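Any value given below was found using the heavy atoms of this structure, including those in side chains, with hydrogens, waters and symmetry copies removed. Source: prediction; values computed, not measured.
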Amino acid sequence: MWSFMVYFMLSDELLFFFLKDVFWTELPTDPGPDFSEPVDMLVPRKSSEQVVELSWTADFVNQDALEGLERHVIQQMAERHNYAPFCSIVQSSGMGKSRLVDEFSKVHFLIPIILRKKGSNGFPPPDDIVRDFLTQFDSYDQKMQEKSYTRACHFLFSLFVCTKDMITTLGADNKKDRIVKFREFMSEEQRFGREGENRRNFYAGVVSQAKKAIDDRLETPSEKKLLGAFETLRGCVCDGCPPKGKPPLADVFIAFDEAHQLTEPWDNGSTLFESNYTELQQVLRIFSTASLFTFFVSTNPEISQFAMPRTIDPFDRILQGRFHTPRPFIELGFDQLMWNRKILDEYKTLEEVASSECIVHMGRPLWGTMYDYGDDKVRQHLIFFAIQKLLGSPIVSADTTHQRYAVLSHRLALDINTTAYISPSPSDAGETLEQMRNHMRVCVDIGEGNETIRGIASSEPILSEAASYVTRRQFDLANALSDVLHEFSIQGDRGELLVAAFFTWARDTVMLERPLPPLEFCRDFSVEELFSCLFSEEIVESIFNHTPSIGPLKAKQRTFGEVASSANMHFSHFIRPQEQEVILRQYLLAFIARGAAVFSADCQADFNAIFPYLYGSTDLDDKHVGFIIVQVKNDSEFSQPNAELFRNIDPFECGLLDESDLDKSSRRFPILIIRIVFALRGKQSTVTPMSYSSPSEGAFSSRFDERGEPRFTSYDYFCSGIGPDLLQPVGEAAWKWEALLDVPDQWSSFYGHSVAPDVLRSQFPASSHDIAHLKRWLSVN
């Protein structure tokens, strides 16, 4: 066994990856670095710092988010019931929040302040003197509100005066030039972990002036004095033009990055959620009619501490509903780095979309910028950085339920089936907030009044690969699923989830079959390889010798083994679409390109999952797209082969295929497909290749051609049970997997606590297949 330390620096994070006593329980080796031999996994600090600095100078490609931020500011400034002219910019780590603000400062006059924790390294570097002034006090007592409010007032007054003086010193002929010169002044000579001399001296002057006013016991600047200082600054920025009413977009902005440093509640005996942040908000209210707007940004997704819900906001006027906490900005987007390298333009084959170069540029920009500006050493260990970010820990081991949930979410599209209520304290955070803070879950909605929040594990291939690496180590898949299903409110068919887990296990095992090329995380593979790892050796042999179950009578009868070797796949995770309409063959190429299999949308279809593949070629062309249709039955009544189940997943009848998919000459779908029904409650673990006395047993005759033959060719298999002599992933733990079939979902538990469950079900009309939702109002058998 070997122990390794990966030393990696990125932005504000000093990252340690400690792979301690690495060994595998189910999967013996790893397809990336060979852990059976010592390897040098040290990334030089200088190299990693250069990556960060260089990536900051890359062309900005998120113009949509920049324009969206401008529209957001206009909306918030026009909202008469907002408490003060500010908003938070909140989102999961690595989404480009700080870079967005910097781009904003190129076209709008913005005063940047970085409040990163003392002693941490990062880029842009922290303004230590400002953070210390705003957050450090000699004592914490009942007068904290007064002390913090006074300090914020003096700081803003000094900031406005010093900024105005600096603009005058820099000299510029117009507003546009002043914006450019001030930004250049503030960013000149900044390095990783160290601000430039200009900026350091500027903020030293601001804080010195504010401190002197406090030490001399000068009166706290009045609203009139603060507004006067700001208007003098605004006039200097805007060529001295007097304000003509409140403009739709502010003339001056302030940005507090790493703003969670302000949000720590005071330990002063108060029952309210009071902090330096809440007092600064009160000061900013003074500028409600001024042309000033403030951003609060964080590189850590401490969302609840920014978007304080109405119910815990310390200001009475917000509690009473007279004013709103401004709505946060969350729309930073995904896949920005793919704009200039789109699939089908740049990446045209299965091998290319499975390459690290393609994978890292999908999702948030964090991964792609590291890849583009890093050397081979950085690129080699990018996957370990992704693992650390996914787990929220330097230890490459999923030891907590939250970590296991994060790993499984990025493979199996798990979604916490509750809306999180934002809490005033991190210790009270719900599951969703924890996943956003520490496990890369993406915020997709913050509800009215900032009281609720929703996050999802978006399709992000590198995080799916990172999760794959974790599950190949000391990771008991059945135990992890059990922990997650018992701990979190996750709805859905348990059988569907188990089968999805079996397929991902088999896929990961395929990755171990042969070494990967240098710097690659994964590869494409054949259906033959997948089935060889999914089913037991004896079952595989039986399957591979099978000829088509349904198809044209005169067609050549090729065995499944011949076909499976020519069908190639690339999937590392699942996507559950919002709409069933996207699960059509014409869209399946998009799922292949993203390395995803697809669940049916909200269990609306007769099938549970689709695994698309390319047949006869690895070119990304929809004319090569075939698929595996999977239906899962978690009911003991489906223990014997049933042709009707396969008839119900006729690809034409369930909408996967239509007339446009037919070959123009033969008028048939030319690609061979695979249909599998998993009857998980079957008493015997076996696979039955289906054969039909008539094609109409396994397909709808109304869909046949003019010769009375089906328009597709399919290999059909009925899989009964989940024993180890059938499925390799089960191993010696069949009882664990069988127990998972009985883990109730949220609604089952809900009704289980009722003394009259059927009466309770009647209060949810037509909400489920249970007859109690129907029998009081609908005549049913």
Tell me, with the steps shown, if Gln684 and Ser720 meet side chain to side chain donor-acceptor pair (under 3.5 Å). CA-CA 6 Å; Gln684 290 186 331; Ser720 173; over 6 Å; no

Does the pair Ser693 and Glu697 meet the rule for a side chain to side chain donor-acceptor pair (under 3.5 Å), with working shown? CA-CA 7 Å; Ser693 59; Glu697 286 187 347; 2.7 Å; yes

Give the C-alpha distance, both sets of side-chain angles, the deciding distance and a yes or no for side chain to side chain donor-acceptor pair (under 3.5 Å) between Glu460 and Trp367. CA-CA 10 Å; Glu460 198 160 6; Trp367 322 114; 2.8 Å; yes

As a quick check of understanding, evaluate side chain to side chain donor-acceptor pair (under 3.5 Å) for Asn634 and Arg681, giving each step before the final call. CA-CA 6 Å; Asn634 186 13; Arg681 299 281 186 176; 2.8 Å; yes

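In this structure, Phe652 has no ring pair (Phe, Tyr, Trp, His ring centres under 6.0 Å) partners at least two apart in sequence or on a different chain. Residues passing the salt bridge (charged side-chain N to carboxylate O under 4.0 Å, His left out) test with Glu659, sequence neighbours excluded: Arg667. Asp372 is linked by a salt bridge (charged side-chain N to carboxylate O under 4.0 Å, His left out) to nothing, counting only residues two or more places apart in sequence or in another chain. Residues satisfying the ring pair (Phe, Tyr, Trp, His ring centres under 6.0 Å) criterion with His361, sequence neighbours excluded, are Tyr371. Residues satisfying the side-chain hydrogen bond (donor to acceptor under 3.5 Å, both in side chains) criterion with Glu465, sequence neighbours excluded, are Arg507. Residues satisfying the salt bridge (charged side-chain N to carboxylate O under 4.0 Å, His left out) criterion with Asp524, sequence neighbours excluded, are absent altogether. Not a single side-chain hydrogen bond (donor to acceptor under 3.5 Å, both in side chains) links Ser691 to another residue, sequence neighbours left out. Checked against side-chain hydrogen bond (donor to acceptor under 3.5 Å, both in side chains), Arg404 has the following partners two or more places apart in sequence or in another chain: Asp483. Legend: residues meeting salt bridge (charged side-chain N to carboxylate O under 4.0 Å, His left out) with Glu357, ordered by chain and number and at least two apart, are absent.
Taking the six-membered ring where the residue is Trp, Phe571 and Phe574 present perpendicular rings, their angle passing 60° and hence far from 30°.
A 6.0 Å sphere centred on CD of Glu346 holds more than 12 heavy atoms belonging to other residues, nucleotides or ligands.
With contacts defined as side-chain heavy-atom distances shorter than 4.5 Å, the pair Asn568/Phe525 does not qualify. Taking the side chain as every heavy atom from C-beta outward, Ile674 and Tyr613 approach each other to under 4.5 Å. Counting heavy atoms from C-beta on, the side chains of Arg594 and Asp335 come closer than 4.5 Å. Residues Ile722 and Phe678 are not in side-chain contact: their nearest non-hydrogen atoms beyond the backbone lie 4.5 Å or more apart. For the pair Phe521 and Leu516, the minimum side-chain heavy-atom distance is 4.5 Å or more. Ile583 places a side-chain heavy atom less than 4.5 Å from the side chain of Ile610. For the pair Arg668/Pro710, no side-chain contact is recorded, criterion being any heavy-atom separation below 4.5 Å from C-beta on. Considering only heavy atoms from C-beta on, Ser600 comes within 4.5 Å of Gln580 through its side chain.
Between the side chains of Thr618 and Glu351, at least one donor N or O sits under 3.5 Å from an acceptor N or O.
Closest of all the heavy-atom pairs between His570 and Cys522 is CE1-SG, 4.0 Å. When all heavy atoms of Leu726 and Ser685 are compared, the closest pair comes out as CB-CB, 3.8 Å. The two atoms that bring Pro548 and Arg558 nearest to each other are CD-O, 3.4 Å, heavy atoms only.
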Would you tabulate the side-chain donor-acceptor contacts of residues 637-648 under 3.5 Å, counting partners in other chains and residues two or more places apart, or write 'none'?
| residue | atom | partner | partner atom | Å |
| --- | --- | --- | --- | --- |
| Asn642 | OD1 | Glu644 | N | 2.8 |
| Arg647 | NE | Ser696 | O | 3.3 |
| Asn648 | ND2 | Glu644 | O | 3.3 |

Between side-chain atoms of residues 698-705 and protein atoms elsewhere (two or more places apart, or another chain), which donor-acceptor pairs fall under 3.5 Å?
| residue | atom | partner | partner atom | Å |
| --- | --- | --- | --- | --- |
| Arg703 | NE | Glu653 | OE1 | 3.2 |
| Asp705 | OD1 | Arg707 | N | 2.9 |
| Asp705 | OD1 | Gly708 | N | 3.1 |
| Asp705 | OD1 | Glu709 | N | 2.9 |
| Asp705 | OD2 | Arg707 | NH2 | 3.4 |

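The distance from atom CZ of Phe607 to atom CD1 of Ile628, rounded to the nearest 0.5 Å, is 13.5 Å. Annotation: the span from Cys654 atom SG to Ile649 atom CD1 amounts to 7.5 Å, rounded to 0.5 Å. Annotation: the span from Lys389 atom NZ to Leu366 atom CG amounts to 6.5 Å, rounded to 0.5 Å.
Using a 4.0 Å cut-off between charged side-chain N and carboxylate O, Asp508 and Arg411 make a salt bridge.
Identified under the ring pair (Phe, Tyr, Trp, His ring centres under 6.0 Å) test for residues 709-732, with sequence neighbours left out: His546-Tyr717, Phe560-Tyr715, Phe560-Tyr717.
No close placement of the Phe611 and Phe627 rings is indicated, their centers lying 6.0 Å or farther apart.
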